[in-house]
Protein chains: 2
Amino acid sequence: MTIPKQSIRRKELVASAAKLFKDNSFDRTTVRMLASAAGIKSGSLFHHFKDKEEILLAVIDDGLNKSLKAIHLETQSITQLDKKLFALIYAHLKTLHGAERDAHIVSITEWRSLSAESKKHLIALRDEYENYWQTIISEAVDMGLLIGDPSLIRLFILGSLNWSIQWFHPNKDKTIEEMAHEFYNMVVKKNTTT
Amino acid sequence: MTIPKQSIRRKELVASAAKLFKDNSFDRTTVRMLASAAGIKSGSLFHHFKDKEEILLAVIDDGLNKSLKAIHLETQSITQLDKKLFALIYAHLKTLHGAERDAHIVSITEWRSLSAESKKHLIALRDEYENYWQTIISEAVDMGLLIGDPSLIRLFILGSLNWSIQWFHPNKDKTIEEMAHEFYNMVVKKNTTT
DNA sequence: TCATAAACCAAGCAAGCGCTAGGTAAAATA
DNA sequence: TATTTTACCTAGCGCTTGCTTGGTTTATGA
């Protein structure tokens, strides 16, 4: 019994699991809850995943991959650095609070529920994401658009953006685009866009 | 059998629990682990706390109270607003990564492990903390020291400061004071201190 | 049409969980 | 000195957990 990794059914299960993990945390989501949300019995889950953690791994892996694609897609073609930085912030927020919100929140909050081995799988992805940010931030520092240690600026910006999962509710607060503008204006030293 | 809330022994147990909760998360810390770290048997814990959650509540309550005291103590007497804002940032970081680091990290990461009723107890404390920040930030905006929506600035700054628990290791990275300066310079629009 | 594989179910096991009951020993109090 | 209180231990109960086993149904493709 080998378990296929890319079946349609599996993707449905992963999406359903993401919501439960977000609402209840990984540890407080039982395999019975996961199964019943998907309309099957708990034992049947283990036809698709070798254990509970593999479900979490799938959720986070999915989330990280989509984040990476998103920032590349939305910033790569932009040459003007201030616009590129804004697009990066905007893309991060759009992804974080968009269609796959559950998965992204789980990626942030449940990282520590993963085993050391599972983390190893994902660290390369996370590093790639952070390096892309770092590159753009470094250029922005060189141009005087930002001031300070690029590493710290990256941690500072990504930290406050990710923190928005604690308080931001889509369709209730401001729009994501408005937020992106406010975030951008807060970190940038000279005002070039509005 | 009424349980005394302020015994010395209880405080020792709470401190010991804070470390375990930080290292393993609340859900993955068993009452047997809590007991053995304190050198007693698991059943004896329930002489001091009515249930496991009350231990978490004690850890977080303690953390929040100390945070509140710290920012008052270190900022109240300062009249110059730029220095006051810096002192606030510095106090927050000092508290977060100081002697009671474990408790503060648990306050941030395990908030959602609390029952609704336990949260109710703590929300007033948290609101008081945030309001104090908000007041100072609003004044800073009025003076042009900061630019933007005060609410969002508060979320932005506190978010990035709290996020430092994800990456900052005391005695390894920069000093907390250096960090406070860098954080301050990143958010402030006109440079008045260095 | 018939074999093969994929997707599921029914039943339950072993381990670990939070917590309790009933007791002992020592310290504090009267 | 007698009584109460505090702090702990021993033993284990009842429940939930992740996961397994062995079998059934449903779809796929030659």
Side-chain angles (χ1 to χ4, degrees), chain A residues 1-60 106 110 112-119, chain B residues 1-60 106 110 112-119:
Chain A
M1 178 190 41
T2 35
I3 302 166
K5 295 249 168 187
Q6 296 303 338
S7 72
I8 298 168
R9 187 69 180 123
R10 187 178 152 117
K11 287 190 177 173
E12 288 170 9
L13 294 174
V14 168
S16 156
K19 175 160 174 50
L20 286 171
F21 289 159
K22 187 208 68 179
D23 291 339
N24 308 99
S25 87
F26 176 70
D27 284 328
R28 294 187 179 191
T29 303
T30 68
V31 294
R32 285 169 238 274
M33 290 163 71
L34 290 165
S36 105
I40 58 178
K41 299 290 170 182
S42 70
S44 308
L45 270 180
F46 299 94
H47 171 72
H48 300 275
F49 307 92
K50 79 172 223 282
D51 55 24
K52 188 187 168 192
E53 198 196 326
E54 196 181 274
I55 309 179
L56 177 60
L57 183 62
V59 169
I60 298 185
V106 170
E110 299 294 347
R112 76 198 206 129
S113 298
L114 292 165
S115 68
E117 199 174 348
S118 296
K119 271 181 210 156
Chain B
M1 178 190 40
T2 34
I3 302 166
K5 295 248 168 187
Q6 296 303 338
S7 73
I8 298 169
R9 187 67 179 123
R10 187 179 151 117
K11 287 191 177 173
E12 288 171 8
L13 295 174
V14 169
S16 156
K19 177 162 172 48
L20 287 171
F21 289 159
K22 186 208 71 179
D23 291 340
N24 307 100
S25 87
F26 175 71
D27 284 329
R28 294 188 180 191
T29 303
T30 68
V31 293
R32 287 173 234 287
M33 290 163 71
L34 291 165
S36 107
I40 58 177
K41 300 290 170 182
S42 70
S44 309
L45 270 180
F46 298 93
H47 171 73
H48 300 273
F49 306 92
K50 79 171 223 283
D51 56 24
K52 187 186 168 192
E53 197 196 327
E54 196 181 274
I55 309 179
L56 177 60
L57 183 62
V59 169
I60 299 184
V106 171
E110 298 295 346
R112 76 200 207 126
S113 298
L114 294 165
S115 68
E117 200 174 348
S118 297
K119 270 181 212 158

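Labels below follow one simple rule: chain letters A, B, ... track the order of the sequence lines, proteins then strands, and each chain is numbered from 1.
Within the 4.5 Å cutoff, the side chain of A/L57 has no heavy atoms near those of the A/F49 side chain. Looking at A/S44 and A/H47, their side chains never come closer than 4.5 Å, going by heavy atoms from C-beta outward. The shortest distance between side-chain heavy atoms of A/V14 and A/K11 does not fall below 4.5 Å. Using a 4.5 Å heavy-atom threshold, the side chains of B/L13 and B/I55 count as separate. Within the 4.5 Å cutoff, no side-chain heavy atoms of B/L114 are placed close to those of B/F26.
In this structure, the NE2 atom of B/H48 is 11 Å from the P atom of D/dT6, given to the nearest Å. To the nearest angstrom, P of C/dA6 lies 16 Å from CD1 of A/I40. Rounded to whole angstrom, the span from the NZ atom of A/K41 across to the C1' atom of D/dC19 amounts to 17 Å. In this structure, the CG atom of B/L13 is 11 Å from the C1' atom of D/dC8, given to the nearest Å. Distance A/R9 CZ to C/dA7 P: 9 Å, rounded to the nearest Å.
Dashed line: the shortest gap from a side-chain N or O of B/R10 to OP1 or OP2 of D/dA7 is not under 4.0 Å. In this structure, A/H47 does not reach the D/dT20 phosphate: none of its side-chain N or O atoms is under 4.0 Å from OP1 or OP2.
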Write down the protein N/O and nucleotide N/O pairs, taken from nucleotides 22-25 of chain D, whose separation is under 3.5 Å; answer none if there are no such pairs.
none

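Each of B/D27, B/L56, B/I60 was evaluated against B/F21; a single residue qualifies, B/L56, per the side chain to side chain contact (heavy atoms under 4.5 Å, CB included) test.
One finds no salt bridge joining B/K52 and B/E110 here, because no Lys/Arg side-chain nitrogen approaches an Asp/Glu carboxylate oxygen to under 4.0 Å.
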Treating primed atoms plus P, OP1 and OP2 as sugar-phosphate and everything else as base, which nucleotides of nucleotides 17-30 of chain C get B, S or - for protein heavy atoms under 4.0 Å? BBBB----------

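Crowding of A/K119 atom NZ: a count of heavy atoms from other residues, nucleotides or ligands under 6.0 Å exceeding 12.
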